[in-house]
Amino acid sequence: MIPENRPLSMVAALATMESMTSEHITNTGSVMANHGSIQTPAQTQLRQDGSSNGGPSERKRDLRWRPAMLHPASLRVLLPWITSIIGISSALCLVIAWFPSTVWNTPIVSSDAPAHYYFIRRLLDEGLGAALHLWPHNSFYPPLFHVCAYFVIKIAALFGVQCSIYAAFNITWIIASGVMFPSGMLVLCRYFLQRWNRGNPISNLISRISQASPTSESSSVSESSNVSNQQVSSAVNRQYNATFVLQNLIGLFVPVFAVSSVCHPYGLLNAGPLIAFGFATSLLPFLIAATLRLFDAIAAREHIVKWLAITAIAGVVCLVAHPRIAFTYALILVPFIVLRLPWKLILGAFIAMCVGAVAFVALMLTSFKSDRWANPASWFHSHQPSKNLWESISFCFTDGLDGFPAILFALLLIAGTVAAFVCAFRRAAVRSSDSLSAAVSTVAPAFSADADALVSDAAVSAPGVSPVSTSGLPAASCSDAADVSLFAPSEPSRPRRNDRLRDVIALTAAFLLVTLVYVCTVTLVGALPNIISSPWYRDENRIMTMLPLVALPLLVIGVNALSECVSVCAASASFVPSASSFSAKNSASSVPSLSSASAVSSVKNVSFASNWIGPIAAFLVIAILAVSAQIVCPSRTAARDAIIAHSSLNQSDPNEQLTEQKITVLRKVMERTGTQATIISDPLNGSMYAETLFNASMLYPIINARTDVPSVPFGKVETAFASGDGQQVLGTVCPLTDAPEYFLTMGDQAQSLQSFPYRAQYDSFHNEELIDAYVDGGTLVKVADYSQYGQGWALYRFGCAD
């Protein structure tokens, strides 16, 4: 055997054995995790030869190689940061551009908005100590959003800027929605990308070629063979670069996709607004990613304490933002728990969930009195379906997008999921194949000593790399999945068996669970849908927020799988040595040998075709989707228009919560009463906004002050006022504070608040006959008449002896 021909025969053998996946021949090239480059034994030998021989050509090649190794290293360090910054900045710009400008100086006039403004006001008045009892009756409400708004005001004050409650509210929402949520989705999606892209079949095939030269004969390797090996190893680097670039290109668009759907964050700002739940949703991707990392650590039995601590901290933060986010967290994590944890931990997790469910039921039974608990079909009796079955299902598969972007998203989601399953199942089938000899005989019936030496050489592992398995060598196809060989630096452990299949099944199951809950909420009626959707109050807006959390990761790995299929198909078509390239120097061995030029040409063709066709196609598709989703977005525009309408003071109905007339009246009231006097009024007429507009002391600063809580004045005042007994009224109202007490009338309850289930408790506050009786008896004394703004509008003072 001529030593210098040995590498060429190995190239030929590997070219005919391209169907071998990396499960059977592991990548023995070392991945320089810190520098992001791949260094093969051939390259190392070439540099050693150049140093020992001192030849000028070898030294020149060595000098030329060093800059080539430094540039990819810098690229791999900087590119993730660059794409992350660009993607998150783009998402932030989209959120700011969408945000209604009308709510910077006036409040959002909706059911929950006054409460959130009041919580911020209370923190400003009483300090951070009020964070644990924000409700007017001093019970707990999740304070994280309001604490952040409080710090925005305080930090602005340090720079001499006076920031209003509304401005702090808006800034906090923009940071959570435009920075935290897209950042969290990027972290979550990149986690799945790293698990999927740990290896690539083409890189493993080419790296076998670059490692084929045995170290025992390295001293006799010819210059042409060294050049070939150097070019082959460059192809490996280029292929690895292509996979790396694709991950970052997809990561570039993930933050944009995160804020492209009306599902979140826009819907919750319009509904209520459900600020605390939306804030928790924006933080949830970090918790999910940390939990999945914890599962990896448990499987590898390393770094468990580290990831347990990170997960615990993220969980506490999310619970402080809103405890009900635990239901969303549990729903999404259930498939991952089942597929990735040992059975003892699975049992423990489900026991914990059952305990939590029992505690939730106990809380609901004790907090909300009702005679319908035993009849789930009667729960949410006022709820009406908003979509038919097809509309609700299509909404989930389109992630709440509109028009062409919705169709493209659904097609990519479905096609990508199918491709991911094909890749994952194909890889699992390859792993289970148990006959190497049968497959080898199909490709090359008789191997020469060169081929035998090649297999034995490939079986010798580099330090820390498992030896080659010699079983199960199936034929290649375009659906052959990449095996795991190129580790991401952040991965704490070696890959487990069938990781891809586990991830695809778990993500698909989580998506289907979210779809089920959404369909039960917006389409189905009856006992079972009520029970399934009850943790989210059967509220469509809360459940919509779960869709991006499962749809985007599934889309990302689906697009990646499609790109991989295209790359493998391109490689299969390009890496086919021509018949004229073979020579019959060793007819007895039946092993074809390639010329050096032909071998390098084949490798170059594989590198170019398989490296960039898939990533370029994936980039174009996701770029079109990302751009079109910003152009065709009527749902987001409708949400913005609704918020603008809610914050407008030009209302056709004079009894709406806030109008120009009511703002004028509330300003005049505050000029007369000051900020210390207690003012009683029906909060559903909009008077509650005086708390944050003018720093008034309203007895009812929110629409639901809770009358069923003991030792608070709200229920007592309502009962006394409705009694018609002036002495009872004064005996209840006068001891409230040492300052004067006033009563304000501003018409009937707003039409937009008629859905409030406890609105009847305030009926006595706009009963004109009862009010006139109290005036006649001296219980109330009129101090200001505002009838020019609305019929019956007036300010009264209670006849207390003060």
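All values below were derived from every heavy atom in this structure, side-chain atoms included, with hydrogens, water molecules and symmetry-related copies excluded.
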Are Arg293 and Ile310 packed together at the side-chain level, in the sense that at least one heavy-atom pair is separated by less than 4.5 angstrom? no
Under 3.5 Å: donor-acceptor pair, side chain of His383, backbone of Thr521: yes
Can you check whether Trp98 reaches Thr637 side chain to side chain, under 4.5 Å on heavy atoms? no
As an exercise, state the distance from CD1 of Ile407 to OG1 of Thr398, rounded to the nearest 0.5 Å. 9.5 Å
Minimum heavy-atom separation for Tyr150 and Leu123, please, with both atom names. CE1-O, 3.6 Å
Spell out, as yes or no, whether a donor-acceptor pair under 3.5 Å connects the side chain of Arg121 to the backbone of Leu693. no
Within 45° cone of Phe327 ring axis and under 6.0 Å: Arg542 NZ or CZ: no
State whether the number of non-hydrogen atoms from other residues, nucleotides or ligands found under 6.0 Å of Asp125 atom CG is greater than 12. yes
Could you give the distance from CG (Leu144) to NE2 (His322), rounded to the nearest 0.5 Å? 12.0 Å
Any Tyr537 side-chain heavy atom under 4.5 Å of Arg324 side chain: yes
At their closest point, which heavy atom of Val256 faces which heavy atom of Gly87, and how far apart are they? CG2-O, 4.3 Å
Say you draw a straight line from CG of Leu658 to CD1 of Ile108; how long is it, rounded to the nearest 0.5 Å? 12.0 Å
OG1 (Thr311) and NZ (Lys306) are apart, to the nearest 0.5 Å, by 11.0 Å
Between Arg340 and Asp296, is the closest basic N to carboxylate O distance under 4.0 Å? yes
Is the closest side-chain heavy-atom distance between Leu753 and Ser111 below 4.5 Å? yes
Between Tyr266 (side chain only) and Val259 (backbone N and O only), is there a donor and an acceptor less than 3.5 Å apart? yes
Is the backbone N or O of Cys520 less than 3.5 Å from a side-chain atom of Arg538, with the two atoms forming a donor-acceptor pair by type? yes
Would you please indicate yes or no on a ring centroid separation below 6.0 angstrom for Phe395 and Tyr518? yes
List the atom of Leu188, the atom of Leu549, and the distance in Å for their closest heavy-atom pair. CD2-O, 4.0 Å
Taking all non-hydrogen atoms of both residues into account, name the closest pair between Val187 and Ala289 and its distance. CG1-CB, 3.9 Å
I would like to know whether Ile288 and Tyr191 meet side-chain contact (heavy atoms from CB on, under 4.5 Å); could you show each step before the answer? CA-CA 10 Å; Ile288 295 175; Tyr191 167 82; over 6 Å; no
Quick one: do Thr508 and Val504 satisfy side-chain contact (heavy atoms from CB on, under 4.5 Å)? Show the steps, please. CA-CA 6 Å; Thr508 304; Val504 176; 4.1 Å; yes
Give a yes or no on whether the ring-centroid distance for Phe397 and Phe511 is below 6.0 angstrom. yes
Using the rule side chain to side chain donor-acceptor pair (under 3.5 Å), only one of Ser533, Ser386, Ser392 pairs with Glu540; which is it? Ser386
Tell me, do Pro136 and Tyr118 make a side-chain contact under 4.5 Å, heavy atoms counted? yes
I'd like to check Trp104 versus Ile171 (side-chain heavy atoms, cut-off strictly below 4.5 Å). Are they in contact? yes
For the side chain of Ser261 and the backbone of Asp399, is there at least one donor-acceptor N/O pair under 3.5 Å apart? yes
Donor-acceptor contact below 3.5 Å, side chain Arg500 vs main chain Ala420: no
With Trp173, the ring pair (Phe, Tyr, Trp, His ring centres under 6.0 Å) member among Phe181, Phe279, Phe99: Phe99
What is the minimum heavy-atom distance between Cys163 and Ala168, and which atoms define it? SG-N, 3.6 Å
So, do Arg122 and His133 sit near enough that their side-chain heavy atoms are less than 4.5 Å apart? yes
Quick check against the 3.5 Å criterion: does Glu656 have a side-chain atom that pairs as donor or acceptor with the backbone of Ser752? yes
Distance from Ser177 atom OG to Ile275 atom CD1, nearest 0.5 Å? 7.5 Å
Has the side chain of Tyr141 got a donor or acceptor atom that lies under 3.5 Å from a matching backbone atom of His116? no
Closest heavy-atom contact between Ser687 and Met698? O-CE, 3.6 Å
Cut-off 3.5 Å, side chains only: do His264 and Ser282 have a donor facing an acceptor? yes
Verdict with supporting geometry, Phe253 and Phe619, side-chain contact (heavy atoms from CB on, under 4.5 Å): CA-CA 9 Å; Phe253 289 101; Phe619 171 78; 3.7 Å; yes
Output, in order, the C-alpha distance, side-chain angles, deciding distance and verdict of side chain to side chain donor-acceptor pair (under 3.5 Å) for Thr692 and Tyr166. CA-CA 9 Å; Thr692 51; Tyr166 308 119; 3.0 Å; yes
Sub-3.5 Å donor-acceptor pair from the side chain of Trp196 to the main-chain atoms of Asn560, do we have one? no
Looking only at side chains, do Glu691 and Tyr117 share a donor and an acceptor under 3.5 Å apart? no
What is the distance from atom CD1 of Ile332 to atom CD1 of Ile337, rounded to the nearest 0.5 Å? 11.5 Å
Between Ser563 (side chain) and Val559 (backbone), is there a donor-acceptor pair under 3.5 Å? no
Could you give me the CA-CA distance, side-chain angles and deciding distance for Val621 and Leu562, then say whether side-chain contact (heavy atoms from CB on, under 4.5 Å) is met? CA-CA 11 Å; Val621 171; Leu562 288 172; over 6 Å; no
Flag the pair Asp539 / Leu274 as yes when at least one side-chain heavy-atom distance between them is below 4.5 Å, and no otherwise. yes
